[in-house]
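Only a predicted model underlies this, so the values are computations on that prediction, with no experimental measurement involved.
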Amino acid sequence: RIPFWNPHLFCGYPVIETVQSAILYPINGLFLPIAPVAAISWLTTLHLGLNYVISVIVLWRSFRFGFAPSAVVGALCNVGSVLPFRFLAGHLTIIFALPWVTAWIGAVYRLVTEARFSPLWWFGATLSVWFLWVSGAPQYAVYGTCAGLVIGIAAAREANLILRVLSCLVTGLCLASPQILIAAEYVPFSARSGNWSGLSSIHGAWATLLETLLPYPLGNGVGEIHVNQRGVWDTTGYVGTLAIAGVLTTGLWSFPRWWDDRRLRSAFVLLLLSCYV
């Protein structure tokens, strides 16, 4: 039986909806016979290895850089600012999600830059979407998926190639749908629902709209108080990220002669998106 409710976390929490959960993450199933403490050790170690190997493969085989620099730069993904912080904070599901963000972006780039369809890269992209959306870190699933779509649109020279990316995305989301649908049932009972509670008044509607479209324009939550104080961190920027991604990619699609090197275009778009987030 899946424990949908955890009475031991805070004052009771819907387990499958929180970022601490990766109930239906397939790799977790490999360690079910192992004691929990040992399983967590093996899982984190495995994902360190996965993060490195996938980073190298993406740089080397997808973006076609040399193997030696790819092997060196790939290691930076494990010793940069994100993974060590997440280990210290105990955010295991984000550690689970990170390799699949990289895999998704790399597979998307290869799919739209090759004239000949590659079933292997299509399968890799689909698997990445599936694992990313059941990894238990929904914010990384949202941002990671968005980043892959940005890369696909920026790097593609023909619009029909983007259909390959969309087919991977739809298939991966279908595979992840059991966890997504179950999580959706718990959204009204979580902090995320509170951010929309002010829609009954004009002021509340504008505050909610602004804080969703822009990163904390009404207070940073630390030195200044938010006008809309509930659930801000869960929803701030999601819609805004999609909006700016659309603007950036539409602009690059309209002016494809800016750069002949699609790797440079992809890096530039990803950099702008990262600065916004």
* Asked: So, do T44 and L48 sit near enough that their side-chain heavy atoms are less than 4.5 Å apart?
  -> no
* State, with a plain yes or no, whether a side-chain heavy atom of Y109 is found less than 4.5 Å away from one of V58. => no
* Asked: Taking all non-hydrogen atoms of both residues, which atom of A141 and which atom of T145 are closest, and how far apart?
  -> O-OG1, 2.6 Å
* Asked: When rounded to the nearest 0.5 angstrom, what is the spacing between CG in L175 and CD1 in I180?
  -> 10.0 Å
* Asked: Are the side chain of T171 and the backbone of C168 linked by a donor-acceptor contact shorter than 3.5 Å?
  -> no
* Structure fact -> Value for OG (S177) from CG (L173), rounded to nearest 0.5 Å, stands at 8.5 Å
* Check: F131 ring centroid to W100 ring centroid under 6.0 Å -> yes
* Within-4.5 Å side-chain heavy-atom neighbours: L59 and V73 -> yes
* Asked: Hey, quick one: are L127 and I57 part of the same hydrophobic cluster, counting side-chain heavy atoms closer than 4.5 Å, chains of contacts allowed?
  -> no
* Asked: Would Y52 and V72 show up in the same hydrophobic cluster when neighbours are defined by side-chain heavy atoms closer than 4.5 Å?
  -> no
* Could you grab the distance from atom OG of S135 to atom CD1 of I95, nearest 0.5 Å is fine? => 11.5 Å
* Hey, quick one: are V134 and V170 part of the same hydrophobic cluster, counting side-chain heavy atoms closer than 4.5 Å, chains of contacts allowed? -> no
* Asked: Has the side chain of R110 got a donor or acceptor atom that lies under 3.5 Å from a matching backbone atom of W121?
  -> no
* To do: Starting at CG of N51, measure out to CG of N78 and round the result to the nearest 0.5 Å.
  => 5.0 Å
* What is the minimum heavy-atom distance between G136 and T93, and which atoms define it? -> O-OG1, 3.4 Å
* Could you give the distance from OG (S128) to CZ (F123), rounded to the nearest 0.5 Å? -> 9.5 Å
* What is the minimum heavy-atom distance between P99 and I54, and which atoms define it? -> O-CG2, 3.5 Å
Which donor-acceptor pairs under 3.5 Å do the side chains of residues 60-68 make with protein atoms, sequence neighbours left out?
{"residue": "S62", "atom": "OG", "partner": "G106", "partner atom": "O", "Å": "2.4"}
{"residue": "R64", "atom": "NH2", "partner": "E114", "partner atom": "OE2", "Å": "2.7"}

* Determine whether V150 and I153 make a side-chain contact, defined as any pair of heavy atoms from C-beta on separated by less than 4.5 Å. => no
* Do I105 and V101 come within less than 4.5 Å of each other through their side chains, counting heavy atoms only? -> yes
* To do: Specify the closest pair of heavy atoms between Y25 and H47, including all atoms of both residues, with the distance to one decimal.
  => OH-NE2, 2.7 Å
* Asked: Do L43 and F96 have side-chain heavy atoms sitting under 4.5 Å apart?
  -> yes
* Atom of W122, atom of L111 and distance for their closest heavy-atom approach -> N-CD2, 3.8 Å
* Measure the spacing between CG of L98 and CG of L132 and express it to the nearest 0.5 Å. => 9.5 Å
* To do: Using side-chain contact (heavy atoms from CB on, under 4.5 Å) as the criterion, list what pairs up with V165, not counting sequence neighbours.
  => W104, V108, V112, L149
